[in-house]
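Okay, structure first, notes after.
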Amino acid sequence: MSIYSLKGRKWTITESLIIVLLALVPLFVTFPYRVNIFLSWEGAYRISSGQIPFKDFGSPLGYGFWIIPALFFKIFGPEMVSLVKAQVLINIMAGFAFRSILKSLDIRPGIRLLSLLVFVLSYSFFNFWPWYNHTVIVFELIGISFLFKSFFSDNRTRSYLWMAAAALFIFLSVFTKQDGGGMAFMLCLLFLAYNCYQTRRWVDFPIFIGMFGLVAVFFIVPLMPGFGYWFNHGQPPHSSRLALNDFTDEIFGSSNWIKAYVVLVVFCIVAKVKQWNTWLQQRREVLFVLLTLGILGEAAIFQVTSYTPPDNNIFFHSFAFAFVATYLCELLHVYVDSPRSLLIGTLLVLFWWSGTWWKYIGRFTDRLFPAQEMVDAHNPNHENVVNRRNYMINEDTTDVPVSSWIFSDLKPFRKIYMPPSTVKGMDRIMALPVVKDNKSDLKVLNMSELTPLAVVIPYKPETGPDCPLWYHLGVGMFNRQLAIYKQKVQDHHYDIILFEYAPGLNNFFPFALRDELKLHYHQVDSFLAPRRPTNAIIEVYIK
């Protein structure tokens with residue numbers, strides 16, 4: 001490549017390095033066992049083993065979320081670190097999708113680079129594990145990026161190919177999580193309606209809907225009839241988990257970032273637009289406004305409908321930043337394309353989102369400048385030390401700090417550290433006679449977060465139309481399934497059962513089934529579950 005060519009591609013190279021290098025960071029660190037990550041592992045393991053969703057197991061979600069993790073299980077094996085590798089690819093896809101959207105909107109390179117840095121730091125960098133509330137947005141961004149490419153393509157055939165790709169990924173978004181995917185579909189219809197109005201290509205609207213419908217038929221028909229029962233959360237025979245005041249309380253009671261951005265966006269538009277009729281003809285500018293306000297609205301709703309983890313909706317920061325920075329720079333006639341401006345902008349963005357990277361540097365500063373250790377607050381023979389770190393005393397003596405967690409020798413848990421009680425408990429499970437003398441038809445019910453034990457015990461996860469992927473009563477399984485499992489326990493169907501008892505969570509594993517276990521099975525062990533805080537236990541039952 002010539003020097004001239006390299007100079008012309010400096011923005012592409014720099015942005016690509018930001019996306020890829022920061023996405024690769026998780027490959028070089030170890031991790032504590034993450035709460036609820038068993039769900040990501042279980043779905044990927046079942047699909048990679050050849051099980052068919054909605055036939056071999058039920059789920060209120062589509063299987064879009066598990067496609068990439070299952071592929072990585074096939075390539076790298078069913079280990080927890082394979083999930084981390086899958087998330088690396090997901091983060092790279094997200095970064096390039098966001099960059100593509102900004103390029104389609106002709107955002108200036110300097111603003112685009114800084115916005116991309118905001119996106120990576122605020123939304124991708126700390127996402128080490130695949131989770132459906134993140135993947136649904138990634139598929140949405142990919143779909144929007146393809147849709148915008150179709151809007152501004154000069155070749156009609158290529159335009160429809162981009163639109164078909166958009167329909168595919170928007171469906172995968174719906175097929176990952178109904179709420180985020182549904183809002184993604186509605187946003188795309190909004191963008192499409194405006195673009196059709198401006199270009200007078202009204203045929204594009206039904207063509208996109210038809211493409212989406214064909215993709216849906218291709219994915220859903222092979223899954224019937226079980227799909228109709230499981231994929232209808234909030235409809236009979238299931239009940240809704242949402243209420244109107246959930247939205248009003250969250251949006252009007254908090255959501256300060258989102259509301260502040262809406263105010264800034266409105267101010268920017270009013271300050272810049274002089275002739276509304278002329279402005280409405282500028283497709284890229286109007287689409288930029290619709291996209292920014294649409295993402296802010298989606299984030300406001302998404303934080304209510306998908307509330308775990310609590311910061312899963314912060315994808316809006318990068319879009320709002322790109323919009324406000326673009327309009328302010330144009331209004332002030334200031335541009336950030338020069339090396340000096342970019343350096344200042346980069347330092348400001350790093351300062352703004354220091355919370356995502358400082359925790360890693362903070363480990364070293366804590367060693368260089370250690371805080372004064374807390375002494376026994378109940379011992380009158382010592383001078384009591386009160387500071388920011390110890391002004392409150394943790395009376396929960398059952399909690400095990402992460403600093404004391406250890407690694408397991410079991411292969412699926414490689415590079416993952418857990419409470420010592422969990423590691424020793426798994427070793428005792430492996431030493432049980434029922435496990436050591438394991439026959440090929442060993443029947444195991446694993447109602448715990450240690451689903452990777454299926455690889456090393458080993459056993460085949462139970463299959464059937466009433467076998468849920470996970471056991472959260474009212475979320476991942478329902479009363480019909482609970483009755484079936486209670487009957488199996490009464491009939492001593494299983495050789496060994498692992499049951500996680502989390503009294504602080506609402507039937508995260510159904511309490512009623514534990515009552516049956518106490519009556520019909522013999523508990524031989526218990527140990528801490530790999531949660532933070534360690535407030536749940538895993539009980540081991542045999543016939």
Side-chain angles (χ1 to χ4, degrees), residues 5-23 90-125 137-138 140-153 162 166 169 187 191 261 264-265 268-269 272 282-296 299 314-353 356-357:
S5 178
L6 182 63
K7 184 178 179 180
R9 298 185 180 183
K10 63 180 181 180
W11 296 108
T12 299
I13 294 172
T14 304
E15 292 164 351
S16 299
L17 286 174
I18 291 174
I19 294 169
V20 175
L21 292 181
L22 289 181
I90 293 171
N91 285 341
I92 291 174
M93 293 167 61
F96 281 106
F98 179 74
R99 177 180 179 272
S100 174
I101 292 171
L102 297 189
K103 284 199 70 176
S104 293
L105 295 172
D106 273 353
I107 306 304
R108 290 185 67 94
I111 297 296
R112 191 177 69 222
L113 189 146
L114 292 178
S115 301
L116 182 62
L117 187 60
V118 172
F119 178 83
V120 172
L121 290 177
S122 67
Y123 192 59
S124 294
F125 181 64
I137 303 300
V138 174
E140 174 186 1
L141 298 182
I142 297 172
I144 292 175
S145 71
F146 282 132
L147 188 64
F148 279 14
K149 276 182 171 291
S150 76
F151 289 168
F152 302 108
S153 175
W162 291 131
F169 279 96
L187 281 179
F191 304 147
Y261 282 137
L264 286 174
V265 169
C268 287
I269 297 172
K272 180 181 178 180
Q282 301 176 29
R283 279 198 296 157
R284 284 187 168 89
E285 291 213 15
V286 176
L287 283 171
F288 199 9
V289 171
L290 293 177
L291 172 67
T292 305
L293 292 177
I295 289 293
L296 289 171
I314 59 174
F315 51 85
F316 64 85
H317 284 289
S318 47
F319 288 93
F321 173 83
F323 185 90
V324 173
T326 297
Y327 270 60
L328 283 180
C329 286
E330 290 184 11
L331 290 168
L332 300 175
H333 303 289
V334 175
Y335 302 102
V336 290
D337 296 343
S338 67
R340 181 184 176 187
S341 300
L342 277 176
L343 177 61
I344 296 173
T346 299
L347 292 175
L348 289 174
V349 169
L350 290 173
F351 177 68
W352 179 20
W353 288 101
T356 60
W357 52 266

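Note that this is a predicted model, so its numbers are computed, not measured. Just so you know, these numbers use all the heavy atoms, side chains as well, and skip hydrogens, waters and symmetry mates.
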Hits for side chain to side chain contact (heavy atoms under 4.5 Å, CB included) against Leu17, two or more places apart or cross-chain, chain-then-number order -> Ile13, Leu21
Considering residues at least two apart in sequence or located in another chain, which fulfil the side chain to side chain contact (heavy atoms under 4.5 Å, CB included) criterion with Leu331?
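Checked Leu331 against side chain to side chain contact (heavy atoms under 4.5 Å, CB included); matches are Ala271, Lys272.
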Does anything in residues 317-327 pair up under salt bridge (Lys or Arg N to Asp or Glu O under 4.0 Å), and if so which pairs, sequence neighbours excluded?
none
For residues 334-348, which residue pairs pass the salt bridge (Lys or Arg N to Asp or Glu O under 4.0 Å) check, not counting sequence neighbours?
Arg108-Asp337
First locate atom [atom1] of [X], then atom [atom2] of [Y], and finally report the distance between them rounded to the nearest 0.5 Å.
X      : Y      : atom1 : atom2 : result
Glu140 : Leu147 : CD    : CG    : 11.5 Å
Ile90  : Ile137 : CD1   : CD1   : 13.0 Å
Leu113 : Lys10  : CG    : NZ    : 10.5 Å
Trp162 : Phe152 : CH2   : CZ    : 14.5 Å
Phe323 : Leu105 : CZ    : CG    : 10.5 Å
Phe191 : Leu291 : CZ    : CG    : 4.5 Å

Mind checking salt bridge (charged side-chain N to carboxylate O under 4.0 Å, His left out) for Arg284 and listing every partner two or more places apart, or none if nothing turns up?
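Asp106.
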When you measure from the side chain of Thr292 to the backbone of Val289, do you find a donor-acceptor pair of N or O atoms at a distance under 3.5 Å?
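Looks like no, no N/O pair under 3.5 Å.
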Qualifying residues under ring pair (Phe, Tyr, Trp, His ring centres under 6.0 Å), relative to Phe316, sequence neighbours excluded
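Per chain and number, Phe316 pairs via ring pair (Phe, Tyr, Trp, His ring centres under 6.0 Å) with Tyr261.
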Set of ring pair (Phe, Tyr, Trp, His ring centres under 6.0 Å) partners for Phe96, sequence neighbours left out:
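By the ring pair (Phe, Tyr, Trp, His ring centres under 6.0 Å) rule, Phe96 matches no residue at all.
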Run the side chain to side chain donor-acceptor pair (under 3.5 Å) test against [X] and tell me which residues pass, sequence neighbours left out.
X      : result
Ser341 : Ser338
Gln282 : none
Tyr123 : none

Between Ala97 and Ser145, which heavy-atom pair has the shortest distance, and what is it?
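For Ala97 and Ser145, the tightest heavy-atom pair comes out as O-CB, 3.6 Å.
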Are the side chains of Lys103 and Ile107 in contact, using a 4.5 Å heavy-atom criterion?
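In short, these two side chains do not touch, never coming nearer than 4.5 Å.
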Residues 115-122 side chain polar contacts: donor-acceptor under 3.5 Å, at least two apart:
residue: Ser115; atom: OG; partner: Ile111; partner atom: O; Å: 2.7
residue: Ser122; atom: OG; partner: Val118; partner atom: O; Å: 2.6

Kindly state each residue pair satisfying side chain to side chain donor-acceptor pair (under 3.5 Å) with at least one member in residues 90-101, sequence neighbours excluded.
Thr12-Arg99, Glu15-Arg99, Gln87-Asn91
